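Single-structure report; data block below.
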Amino acid sequence: MTRTVQQLFNLQGKTALVTGGSRGLGLQMAQALGEAGARVVLTSRKAQDLEAAAAELQAQGIDAQWIAADCAKEEDILRLVAETVQRVGPIDILVNNAGASWGAPAESHPVAAWDKVMNLNIRGYFLLSQAVANAGMLVRGGRIINLASIAGLGGNPIEMKTIAYNTSKGAVLNFTRALAAEWGPHNVTVNAICPGFFRTKMAEVLIDTMGEDNMASRAPLRRLGDDEGLKGLTVLLASDAGKHITGQWVAVDGGVSAVLG
Ligand SMILES: NC(=O)c1ccc[n+]([C@@H]2O[C@H](COP(=O)([O-])OP(=O)(O)OC[C@H]3O[C@@H](n4cnc5c(N)ncnc54)[C@H](O)[C@@H]3O)[C@@H](O)[C@H]2O)c1
Ligand SMILES: O=C(O)[C@H](O)[C@@H](O)[C@H](O)[C@H](O)CO
């Protein structure tokens, strides 16, 4: 008997680790995974923010825990993964989401800021994926979802100078394909989500500089992303409903990346 759609999307019994899960898109995705039945572990640097975010999910009946870690630091990543496995068991779903941006013209972009962005946005995704693979995912199978961006498909609007950010997000896209190729035989799927413009702490500078109506008008759907926008795709890619999808990039951007201007 084939499973029903409801069964395929069900994440009961699965454990998801969501980096940058204390707010913004990470929290939205953690909520979606939790609503589909997964146990979620949130991580970011600040314990206080994590505690509040986990409490918000717990109030909804979601099994949510948190562990503070800096996803730019290898020792923190190794501790985070070991502690997650020890506390809640093997990790079935990894959402690589913690990210940062920096605004400066390419010709004067500080190298320290370049390193900071690249360390978190791509080196961190690599180290986390590696740690989770070595903690059992290559044996049990699993799901990796990488937060890229439409900013990985081209430059940002020319008023916004974010060369390291755009470079890091481009790297996330091919990292996704290459890892999907390597780990497919282990029944691990690896996919990337390319969000468009969502009003979060990170994107508010861009949205306020460019003007919210202006940003919305760039999208064929004439709106920014909202706090439901990533939920469906996240659960699809994390569940058996998406078991045959790997190495793919999906833009959730109201159509921004479908038009040239
Ligand atoms: N908001 C958008 O419009 C948009 C668009 C495209 C892509 N994205 C991507 O989505 C992801 C989430 O961004 P967001 O918009 O929710 O931003 P946000 O600033 O609201 O959230 C970023 C999260 O990452 C965490 N974080 C930052 N540095 C960290 C570190 N060193 N270690 C651990 N955690 C750290 C923060 O605490 C927070 O939880 C990022 O990868 C971002 O590039 C966002
Ligand atoms: O589309 C995105 O990925 C985001 O909106 C980013 O572009 C950031 O908000 C920008 O880098 C601000 O510094």
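Atoms within a ligand are numbered from 1 in the order they appear, just like the ligands themselves. Side chains included, hydrogens not; waters and symmetry mates left out as well; all remaining heavy atoms used. Worth saying up front: this structure is predicted, and the values here are computed from it rather than measured.
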Does Gly124 come within less than 4.0 angstrom of ligand 1, counting non-hydrogen atoms of the residue? no
Close side-chain approach of Phe197 and Glu212, heavy atoms under 4.5 Å: no
Quick one: which of Val18, Leu57, Leu230 gives a side-chain contact (heavy atoms from CB on, under 4.5 Å) with Gln31? Leu57
4.0 Å heavy-atom contact, Gly196 with ligand 1: yes
For atom 7 (O) of ligand 2, which protein heavy atom lies nearest, and how many Å away is it? Asn156 ND2, 2.9 Å
For ligand 1, which atoms sit closer than 4.0 Å to a heavy atom of Asn97? 10 (O), 11 (C), 12 (C), 40 (C), 41 (O)
Phe175 and Phe126 aromatic ring geometry - parallel, tilted or perpendicular at 30°/60° bounds: perpendicular
Is the closest side-chain heavy-atom distance between Leu50 and Ile67 below 4.5 Å? no
Identify the closest protein heavy atom to atom 39 (O) of ligand 1: which residue and atom is it, and at what distance? Ser22 OG, 2.8 Å
Nearest neighbour in protein (non-hydrogen) for atom 13 (O) of ligand 1: Met202 CE, 4.2 Å
Nearest heavy atom to atom 15 (O) of ligand 1: which of Thr200, Ile77, Asn146 does it belong to? Thr200
Polar side chain donor-acceptor pair, Ser168 to Asn121, under 3.5 angstrom: yes
Looking only at protein heavy atoms, which one is nearest to atom 8 (N) of ligand 1, and what is the separation? Tyr165 OH, 3.7 Å
Atoms of ligand 1, numbered as shown, that sit under 4.0 Å from any heavy atom of Ala203: 1 (N), 2 (C), 3 (O)
Using a strict cut-off of 4.0 Å, indicate which atoms of ligand 1 neighbour a heavy atom of Ala69. 32 (N), 33 (C)
Tell me: protein heavy atom nearest atom 24 (O) of ligand 1, and distance? Gly20 CA, 3.4 Å
Should you measure from each heavy atom of Phe197, which atoms of ligand 1 turn up under 4.0 Å away? 3 (O)
Do me a favour and list the nearest non-hydrogen protein atom to atom 2 (C) of ligand 2 with residue, atom name and distance? Ser149 OG, 3.3 Å
When you measure from atom 19 (O) of ligand 1 to every protein heavy atom, which one gives the shortest distance, and what is it? Arg23 NH2, 2.9 Å
Given side chains that start at C-beta, do those of Ser101 and Val117 come closer than 4.5 Å, heavy atoms only? no
Counting heavy atoms only, which of Trp102, Phe198, Phe197, Tyr165 comes nearest to atom 6 (C) of ligand 2? Tyr165
Heteroatom distance test (Ser149, ligand 1): nitrogen or oxygen, under 3.5 angstrom: no
Under 3.5 Å between any N/O of Thr43 and any N/O of ligand 1: does that happen in this structure? no
For Thr162, atoms of ligand 2 separated by under 4.0 Å from a heavy atom: 11 (O), 13 (O)
Could you identify the single nearest non-hydrogen protein atom to atom 32 (N) of ligand 1 and state the distance to 0.1 Å? Cys71 N, 2.9 Å
Answer yes or no for Leu120: is there a heavy-atom contact with ligand 1 below 4.0 Å? yes
What residue and atom, counting heavy atoms only, is the protein's closest point to atom 10 (O) of ligand 1, and at what distance? Leu25 CD1, 3.5 Å
Quick one: look at Ala203 and ligand 2, take heavy-atom pairs under 4.0 Å, and tell me if it's side chain, backbone, both or neither. both
Answer yes or no: is there a side-chain heavy-atom contact under 4.5 Å between Asn191 and Val250? no
Donor-acceptor pair, side chain of Asn166 and main chain of Gly154, under 3.5 angstrom: yes
Please list, in number order, the atoms of ligand 1 under 4.0 Å from a heavy atom of Tyr125. 41 (O)
Is there a side-chain contact between Thr189 and Leu237 (heavy atoms, below 4.5 Å)? no
What closest approach, in Å, do Pro195 and Asp253 show between heavy atoms, and which atom pair accounts for it? C-CB, 4.4 Å
Is it true that a side-chain atom of Gln28 and a backbone atom of Asp226 form a donor plus acceptor pair closer than 3.5 Å? yes
Output yes when a side-chain donor or acceptor of Tyr165 lies under 3.5 Å from a complementary backbone atom of Gly103, and no otherwise. no
Considering both backbone and side-chain atoms of Phe198, is one of its nitrogen or oxygen atoms within less than 3.5 Å of a nitrogen or oxygen in ligand 1? yes
With a cut-off of 4.0 Å, which atoms of ligand 1 are near a heavy atom of Asp70? 30 (C), 31 (N), 32 (N)
For ligand 1, which atoms have a heavy atom of Gly24 less than 4.0 angstrom away? 16 (O), 20 (O)
Taking the side chain as every heavy atom from C-beta outward, state whether Asp208 and Arg199 have any atom pair closer than 4.5 Å. yes
So do Val132 and Ile144 actually touch side chain to side chain, heavy atoms under 4.5 Å? no
Is there any N or O on Ser101 that sits under 3.5 Å from an N or O of ligand 2? yes
Compute the minimum heavy-atom distance from Ala148 to ligand 1 and say whether it is under 4.0 Å. yes
Going by the 4.0 angstrom heavy-atom rule, the piece of Lys169 near ligand 1 is side chain
Protein contact of atom 29 (C) of ligand 1 - nearest heavy atom, named by residue and atom, plus distance: Arg45 NE, 3.6 Å
Say whether, by atom type as modelled, one donor and one acceptor occur between the side chain of Asn146 and the main chain of Val172 under 3.5 angstrom. no
Has Asn134 got a side-chain atom pairing as donor or acceptor with Gln130's backbone, closer than 3.5 angstrom? yes
What atoms of ligand 1 come closer than 4.0 angstrom to any heavy atom of Ala98? 24 (O), 34 (N), 35 (C)
Show me the donor-acceptor pairs, under 3.5 Å and distance only, between side chains in residues 73-80 and residues at least two apart or in other chains.
residue, atom, partner, partner atom, Å
Asp76, OD2, Asp70, N, 2.7
Arg79, NH1, Ala68, O, 3.2
Arg79, NH2, Ala68, O, 3.1

Does the Arg143 side chain pair with the main chain of Ser239, one donor and one acceptor, at a distance under 3.5 Å? yes
For Gln28 and ligand 1, answer yes if some heavy atom of the residue is under 4.0 Å from a ligand atom, otherwise no. no
